[in-house]
Amino acid sequence: MKVAPSILSADFTRLYDEIMRVEDADYIHVDVMDGRFVPNITIGIPVVQKLHEKISVPLDVHLMIVEPERYTERFVKAGASILTIHAEATPHLHRAIQQIRQAGARAGVALNPSTPLDTVRYVLPDIDLLLIMTVNPGFGGQHFIPAMWDKIGAARDLLDSSGSSAILEVDGGVSPDNIGRLASLGVDMVVAGSAVFGSDDPGTTVRLMQLARRS
């Protein structure tokens with residue numbers, strides 16, 4: 001299991017030190033929120049750029065913003081290895097995906113809990129990652145929505161049946177308690193915020209979650 005700790009749950013007053021505690025993670029997950037698409041405002045391009053300059057762990061940048069196509073190239077130039085946009089946030093999803101890939105990053109598409117999987121059916125050949133949100137985006141520390149178990153399984157089936165090699169990622173309420181079930185459903189990568197940075201030893205928590213294997 002690949003694990004991407006979300007810095008949304010880290011102590012921003014000592015962000016570099018917090019990231020160094022999870023330096024064995026596969027990615028660092030950066031949530032970018034604009035206060036419009038979600039009811040919260042976080043960080044932007046300058047922080048992504050500084051993180052890219054200071055750390056060696058690749059950045060999994062998640063844009064929770066309206067009109068993401070206006071900023072995709074700048075986030076890639078700032079250092080995003082994976083750049084994920086929401087299908088609900090743009091009327092021109094295919095074009096936005098192409099912009100990300102042409103800028104040199106892997107392109108991800110995120111779906112809110114109530115958004116059907118069919119929304120991404122016709123862009124599957126063009127994406128490198130499919131992110132299933134298992135909470136309503138905007139705030140860390142939320143509980144996993146139980147109805148999303150079926151959606152995760154359906155997403156795995158959709159990727160496999162279409163021949164897609166895209167990473168299946170899950171974000172929201174992920175913890176050591178449910179990591180095994182996520183692995184059994186074929187999830188490739190998880191985002192974990194409060195479960196990691198709220199633990200006594202974030203580095204050990206990440207390593208334990210990485211041990212989860214598909215059944």
Side-chain angles (χ1 to χ4, degrees), residues 1-33 40 42-43 47-62 64 79-84 105-106 108 110 113 128-146 148-149 151-153 155-156 166-215:
M1 177 71 75
K2 294 186 183 298
V3 178
S6 170
I7 62 171
L8 183 64
S9 297
D11 182 349
F12 273 41
T13 65
R14 47 193 297 272
L15 186 54
Y16 177 78
D17 292 337
E18 289 274 79
I19 293 174
M20 287 300 96
R21 298 174 75 189
V22 294
E23 60 183 339
D24 290 334
D26 301 282
Y27 292 87
I28 294 298
H29 190 82
V30 183
D31 289 308
V32 177
M33 306 180 190
N40 196 5
T42 53
I43 57 181
V47 174
V48 171
Q49 183 174 347
K50 287 299 181 182
L51 289 176
H52 178 63
E53 292 173 359
K54 297 291 185 180
I55 68 174
S56 59
V57 187
L59 301 178
D60 173 26
V61 179
H62 179 189
M64 288 175 264
S81 294
I82 302 173
L83 188 62
T84 298
R106 286 185 286 174
D128 302 290
L129 180 145
L130 175 60
L131 171 55
I132 302 299
M133 294 299 302
T134 46
V135 299
N136 289 296
F139 299 94
Q142 299 185 67
H143 295 294
F144 190 103
I145 298 173
M148 294 302 100
W149 289 116
K151 187 175 184 180
I152 293 167
R156 180 74 270 166
I167 295 167
L168 178 58
E169 184 177 44
V170 167
D171 181 358
V174 174
S175 72
D177 294 333
N178 58 23
I179 191 73
R181 185 174 178 183
L182 290 168
S184 72
L185 287 173
V187 174
D188 302 303
M189 181 165 156
V190 295
V191 178
S194 57
V196 170
F197 290 109
S199 68
D200 293 333
D201 188 341
T204 297
T205 300
V206 167
R207 288 188 288 273
L208 287 173
M209 294 176 79
Q210 287 171 324
L211 293 174
R213 294 285 185 268
R214 288 191 192 182
S215 59

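In this structure, the ring-ring contact (aromatic ring centres under 6.0 Å, His included) partners of Phe144, at least two apart in sequence or on a different chain, are Trp149.
Distance check, rounded to the nearest 0.5 Å: CE of Met33 to CG of Leu8 gives 4.5 Å. Once rounded to the nearest 0.5 Å, the distance linking OG1 of Thr204 with CZ of Arg21 reads 10.0 Å. Between the NZ atom of Lys54 and the CE atom of Met20 there is a distance of 11.0 Å, given to the nearest 0.5 Å. Rounding to the nearest 0.5 Å gives a distance of 4.5 Å between NE2 of His29 and CG of Asp171. Rounding to the nearest 0.5 Å gives a distance of 6.0 Å between OG1 of Thr134 and CD1 of Ile152.
In terms of heavy atoms, Pro58 sits closest to Ser81 at CB-OG, 3.4 Å. Across all non-hydrogen atoms, the minimal contact from Met189 to Val187 is O-CG1, 3.3 Å.
Residues Leu15 and Ile7 meet the side-chain proximity criterion, which asks for heavy atoms closer than 4.5 Å. Side-chain contact check for Leu185 versus Val170: every heavy-atom pair is 4.5 Å or farther apart. A heavy-atom distance below 4.5 Å is not found between the side chains of Thr42 and Met64.
With respect to Val57, the side chain to side chain contact (heavy atoms under 4.5 Å, CB included) criterion is satisfied by exactly one of Asp26, Leu51, Ile28: Ile28. Considering Ile132, Asp60, Val190 in turn, Asp60 is the only one that fulfils the side chain to side chain contact (heavy atoms under 4.5 Å, CB included) rule with Glu169.
Counting heavy-atom neighbours within 6.0 Å of Phe12 CZ, excluding the residue itself, gives a total above 12.
A donor and an acceptor atom, one from each side chain of Asn136 and Gln142, are nowhere located under 3.5 Å apart.
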| message | Is there a side-chain contact (heavy atoms from CB on, under 4.5 Å) between Val196 and Glu18? Walk through the geometry before answering. | response | CA-CA 10 Å; Val196 170; Glu18 289 274 79; over 6 Å; no

